[in-house]
Protein chains: 2
Amino acid sequence: MLKERTATTTRAKARGAGKGEAEVRHLLPLGQIISGDCVEAMRSLPTASVDMVFADPPYNLQLGGDLNRPDGSHVDAVTDDWDKFDSFATYDQFTRAWLAEARRVLKPNGSIWVIGSYHNIFRVGAIMQDMGFWVLNDIIWRKANPMPNFKGTRFTNAHETLIWASMGEKAKYTFNYRAMKTLNDELQMRSDWVLPICSGQERLKKGGAKVHPTQKPEALLYRVMLATTNKGDVVLDPFFGTGTTGAVARRLGREWIGCERESAYREAALERIELALPLDESAITTMQSPKAAPKVAFGTLIETGWIKPGTMVSDKKGRFAAQVRADGSLACAADSGSIHSLGAKLQGAPSCNGWSFWHIEHEGQVKPLDDIRQMYLLATEP
Amino acid sequence: MLKERTATTTRAKARGAGKGEAEVRHLLPLGQIISGDCVEAMRSLPTASVDMVFADPPYNLQLGGDLNRPDGSHVDAVTDDWDKFDSFATYDQFTRAWLAEARRVLKPNGSIWVIGSYHNIFRVGAIMQDMGFWVLNDIIWRKANPMPNFKGTRFTNAHETLIWASMGEKAKYTFNYRAMKTLNDELQMRSDWVLPICSGQERLKKGGAKVHPTQKPEALLYRVMLATTNKGDVVLDPFFGTGTTGAVARRLGREWIGCERESAYREAALERIELALPLDESAITTMQSPKAAPKVAFGTLIETGWIKPGTMVSDKKGRFAAQVRADGSLACAADSGSIHSLGAKLQGAPSCNGWSFWHIEHEGQVKPLDDIRQMYLLATEP
DNA sequence: CGGGCTTGTGAATCGAATC
DNA sequence: CGATTCGATTCACAAGCCC
């Protein structure tokens with residue numbers, strides 16, 4: 001009994017759900033906006049069922065009229081110092097409430113994004129760390145065209161901060177490294193992203209007025225989703241607003257769920273998402289790491305005659321040399337092993353990529369083994 | 001009676017001290033490094049006595065095992081004891097302790113800067129808000145040449161965050177708006193600053209090894225101090241390290257006080273500050289009033305050390321001469337202004353392109369400023 | 001022609017990293 | 001088993017030039 005239960009728990013952990021993943025997914029309101037307070041709305045979702053949460057919570061710490069305590073009671077506007085502390089505490093309480101539900105709903109290997117400004121992001125970040133979320137990056141959205149500081153009293157507030165976190169230190173989160181590198185002109189994507197604010201055609205308007213005061217640009221969500229979700233993943237946005245998350249999810253072939261209290265926002269969002277056409281499957285396909293490419297064992301190159309047993313290989317500087325054996329291992333005077341393990345041993349390094357470490361003479365030129373592998377792939381794959 | 005008391009309180013508040021300001025200043029260890037723990041050290045300072053605090057506390061990095069580059073070389077990480085904390089709670093306790101002393105020592109109209117990364121900055125920011133500090137901006141130091149993410153597992157961590165805060169919402173903090181605008185090409189200075197990391201000549205070394213693992217670039221402190229202090233102000237750095245704050249303070253004619261536990265850092269700092277020569281009074285004087293607004297990017301050359309404040313410039317024929325000031329304006333006997341406006345005024349011309357009008361001696365040759373700008377661009381742009 | 005100096009090119013180094 | 005690095009800076013060395 002105990003054993004069975006443990007097994008179930010382990011399996012559930014691995015698959016990210018108490019029930020089978022397909023079974024849980026069936027229960028999700030995919031492509032729908034749940035109306036009402038986001039904490040209540042998230043309570044209706046099963047545990048460990050979504051792959052990513054994107055949250056754009058209220059930034060406002062002055063509270064005014066647009067923030068309620070988790071119990072629904074209204075927070076009065078406050079001016080004196082004593083009450084200011086009270087308002088921070090109230091904001092923290094609100095933050096802990098929605099983050100707790102987000103955490104419950106996330107799969108163990110899911111991740112969460114939260115965007116904010118200096119008014120709220122420090123509190124949000126500290127609470128996330130306290131709850132066990134593991135910060136992976138803080139990302140700076142550098143606004144190409146920020147609002148100037150009209151009074152000249154401070155620096156132009158030209159950025160917002162996003163926190164990207166996994167469920168814990170050991171979680172196996174999704175990061176499409178190769179897609180980001182491709183998107184960034186073959187350089188690693190950095191933690192600062194230069195993107196324009198949402199304006200022009202993209203900005204939703206009704207009767208000349210903007211429908212939502214803080215509509216986020218689709219480019220921002222595009223990068224977030226492309227980087228940290230896979231096609232078919234479920235993305236939840238607890239502060240859905242006018243549905244930027246939903247529109248981008250649909251375009252990129254991700255599933256989405258939104259929570260939103262205001263009916264005007266819900267209507268605008270549904271209308272907008274309807275118009276967001278899914279991209280072709282081929283357009284969504286991202287550059288995969290070479291790891292995902294068809295594997296070629298070193299031995300295959302020998303079997304197929306691309307490299308002959310007895311050939312000498314060496315490192316780039318010619319400090320180490322070794323001979324190729326018929327079984328695909330390498331041998332030198334001192335030792336032998338796979339292309340990787342021998343390279344590591346000779347250098348005294350913990351690891352080594354033999355494909356780039358070892359070089360071979362081919363048509364008069366000295367090339368890394370990986371070049372031969374690429375030629376083999378080109379000749380056999382397409 | 002009541003009236004008199006109110007007057008005293010008001011005066012004290014305005015001057016930032018219970019005692020007269022000159023009286024308190026007399027008690028300060030200006031230009032000295034207090035040895036020992038920073039909380040203890042700050043306790044020796046009088047209440048409401050310093051104008052600005054710049055703090056670079058331990059980041060609580062929580063590094064795992066060793067990290068190697070793809071080529072197998074080892075990354076020299078921050079493994080010092082001073083960055084080790086048992087838990088977030090311990091770190092928070094430490095943070096509250098030093099922030100409380102910093103707050104006590106600051107004048108009511110003083111301000112505080114704290115720098116950190118995602119490991120600690122959220123906690124620091126939230127605690128600052130809880131203590132009553134009023135965040136004015138969060139500033140992003142965007143590194144021109146950050147360390148890449150060697151394993152391809154996250155976004156390149158390419159920035160650090162600074163928090164700038166006053167003592168409270170109503171405080172009359174110092175912000176040299178005009179100096180910042182002049183420094184930034186006649187555009188408002190934004191909340192994201194692109195600056196190189198500290199390396200090359202500036203990086204303090206002993207026997208080939210870096211003296212301090214996290215030495216900050218002087219350009220960063222230069223901008224902080226020029227923006228939020230006045231000449232003669234007292235700047236306190238509770239985590240003095242190798243004294244970047246002291247060196248820049250001396251150059252800019254500010255007074256400084258440091259706290260540092262490690263004697264090796266203290267010695268290196270004192271030696272370094274000795275070599276940091278104060279700039280001329282006229283070079284430090286910043287633009288205080290709005291003037292004509294021609295487009296210039298001159299300030300960047302000063303901030304990055306390509307042109308030193310105090311340097312003389314002249315027109316091609318040597319008829320006019322002027323001196324470079326710290327904020328990127330020029331001053332001569334008769335007048336001052338941007339490189340464009342002063343050139344125009346001296347010639348009695350309606351306008352003037354300061355980049356081609358003003359010349360500077362560089363490596364024995366007299367060159368137009370534009371040549372320096374071109375060199376800077378070539379050196380910094382890909 | 002050679003010594004000394006300048007200039008240009010390419011290799012090597014390394015940075016607050018939860019890798 | 002084998003995937004994974006960017007840019008500023010310095011240094012070594014070659015090429016070119018002057019005297």
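The analysis underlying the following values was restricted to heavy atoms, covering all of them including side chains, and did not include hydrogens, waters or symmetry mates. Letters A, B, ... mirror the listed sequences (proteins, then strands); counts begin at 1. Because the structure is predicted, anything quoted here is derived from the model rather than measured.
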Inter-nucleotide C1' distance (dA16(C), dT10(D)), Å rounded:
23 Å
Would you indicate, yes or no, if dG7(D) has its OP1 or OP2 atom less than 4.0 angstrom from a side-chain nitrogen or oxygen of Arg142(B)?
no
Value in whole Å for how far the P atom of dG15(C) lies from CD of Gln188(A):
17 Å
Atom CG of Leu136(A) and atom C1' of dC19(C) are separated, to the nearest Å, by 11 Å
Sugar-phosphate only, base, or nothing, as touched by Asp76(B) at under 4.0 Å among non-hydrogen atoms:
sugar-phosphate
Looking at Tyr222(B), does the NZ or CZ of Arg251(B) lie under 6.0 angstrom from its six-membered ring centre and within 45 degrees of the ring axis?
no
Going by an N to O cut-off under 4.0 Å, is there a salt bridge joining Arg178(A) and Glu186(A)?
yes
Considering every strand and a 4.0 Å limit on heavy-atom distances, what is the contact class for Glu169(A): base, sugar-phosphate, or nothing?
nothing
Once you apply a heavy-atom cut-off of 4.0 Å, does Asp80(B) come out as touching a base, just sugar-phosphate, or nothing?
nothing
With sugar-phosphate meaning primed atoms plus P, OP1 and OP2, does Trp134(A) contact a base, only sugar-phosphate, or nothing at under 4.0 Å between heavy atoms?
base
Using the C1' atom as the point on both nucleotides, what is the distance between dA3(D) and dG15(C), in whole Å?
22 Å
What distance, rounded to whole Å, do you find between the two C1' atoms, one in dT5(D) and one in dT13(C)?
13 Å
Among the candidates dT18(C), dC19(C), dG7(D), find the nucleotide nearest to the side-chain atoms of Asn145(B).
dG7(D)
Would you say the base of dA17(C) and the side-chain of Ser117(B) have a donor-acceptor pair closer than 3.5 Å?
no
Tell me whether the NZ or CZ atom of Arg123(B) lies within the 45° cone about the ring axis of Phe88(B) and under 6.0 Å from its centre.
yes
Which value, in whole Å, describes the distance between the P atoms of nucleotides dC14(C) and dT4(D)?
25 Å
Atom-pair distance (CG on Asp138(A); P on dA16(C)), nearest Å
16 Å
Looking at every strand, decide which applies to Ala144(B) at a 4.0 Å heavy-atom threshold: base, sugar-phosphate, or nothing.
sugar-phosphate
Checking all strands, does Gly65(B) fall into the base, sugar-phosphate, or nothing category for heavy-atom contacts under 4.0 angstrom?
base
Hey, does Leu63(B) reach any base, or is it just sugar-phosphate, or nothing, if we go heavy atoms under 4.0 Å?
base
To the side chain of Asn149(B), which of dG15(C), dT10(D), dC19(C) is closest?
dC19(C)
Using only side-chain N and O atoms of Tyr91(B), determine if any of them is under 4.0 Å from OP1 or OP2 of dT18(C).
no
How do Phe88(B) and Ile197(B) order along DNA chain C: which one's closest nucleotide is nearer the 5' end?
Ile197(B)
In whole angstrom, what separates His159(B)'s NE2 from dA17(C)'s C1'?
13 Å
With rounding to whole Å, what would you report as the distance between dC19(C) and dG7(D) at their P atoms?
22 Å
Nucleotide dC6(D), atom P - distance to CE of Met180(A) in whole Å
15 Å
Does Ser73(B) reach a base, just sugar-phosphate, or nothing at all? Heavy atoms under 4.0 Å.
nothing
Closest approach to the side chain of Gln62(B), judged atom by atom: which nucleotide of dG15(C), dG2(D), dT18(C) is it?
dT18(C)
Starting the side chain at C-beta, find the nucleotide from dA3(D), dA16(C), dT18(C) nearest to Val135(A).
dT18(C)
Identify whether NZ of Lys or CZ of Arg in Arg261(B) sits under 6.0 Å from the centre of the six-membered ring of Trp82(B) and within 45° of that ring's axis.
no
Verify, without hydrogens or angle tests, whether Thr244(B) (side chain) and Lys216(B) (backbone) share a donor-acceptor contact under 3.5 angstrom.
yes
For Tyr118(B) and dT18(C), is the gap between ring centres under 5.5 Å while the planes differ by less than 30°?
no
Tell me if the centroids of the rings in Trp134(A) and Tyr173(A) come within less than 6.0 Å of each other.
no
Over all strands shown, is Pro57(B) touching base, sugar-phosphate only, or nothing at heavy-atom distances under 4.0 angstrom?
base
Measure from the side-chain heavy atoms of Ser351(A) and tell me the nearest of dC1(D), dA17(C), dA3(D).
dA3(D)
Calculate the interatomic distance between Lys181(A) atom NZ and dT5(D) atom C1'; express it in whole Å.
7 Å
Starting at CZ of Phe150(B) and ending at P of dC14(C), how long is that distance when rounded to a whole Å?
12 Å
Looking at the side chain of Lys143(B), which of dT10(D), dA16(C), dG7(D) is the nearest nucleotide?
dA16(C)
Nucleotide nearest His340(A) (side chain, heavy atoms from C-beta), chosen from dT4(D), dG15(C), dG2(D)
dG2(D)
Under 4.0 Å between a side-chain nitrogen and a carboxylate oxygen: does that hold for Asp81(B) and Lys84(B)?
no
Asn353(A) CG - dC19(C) C1' separation (whole Å)
17 Å
Can you tell me whether the side chain of Arg69(B) and the base of dT4(D) have a donor-acceptor pair closer than 3.5 Å?
no
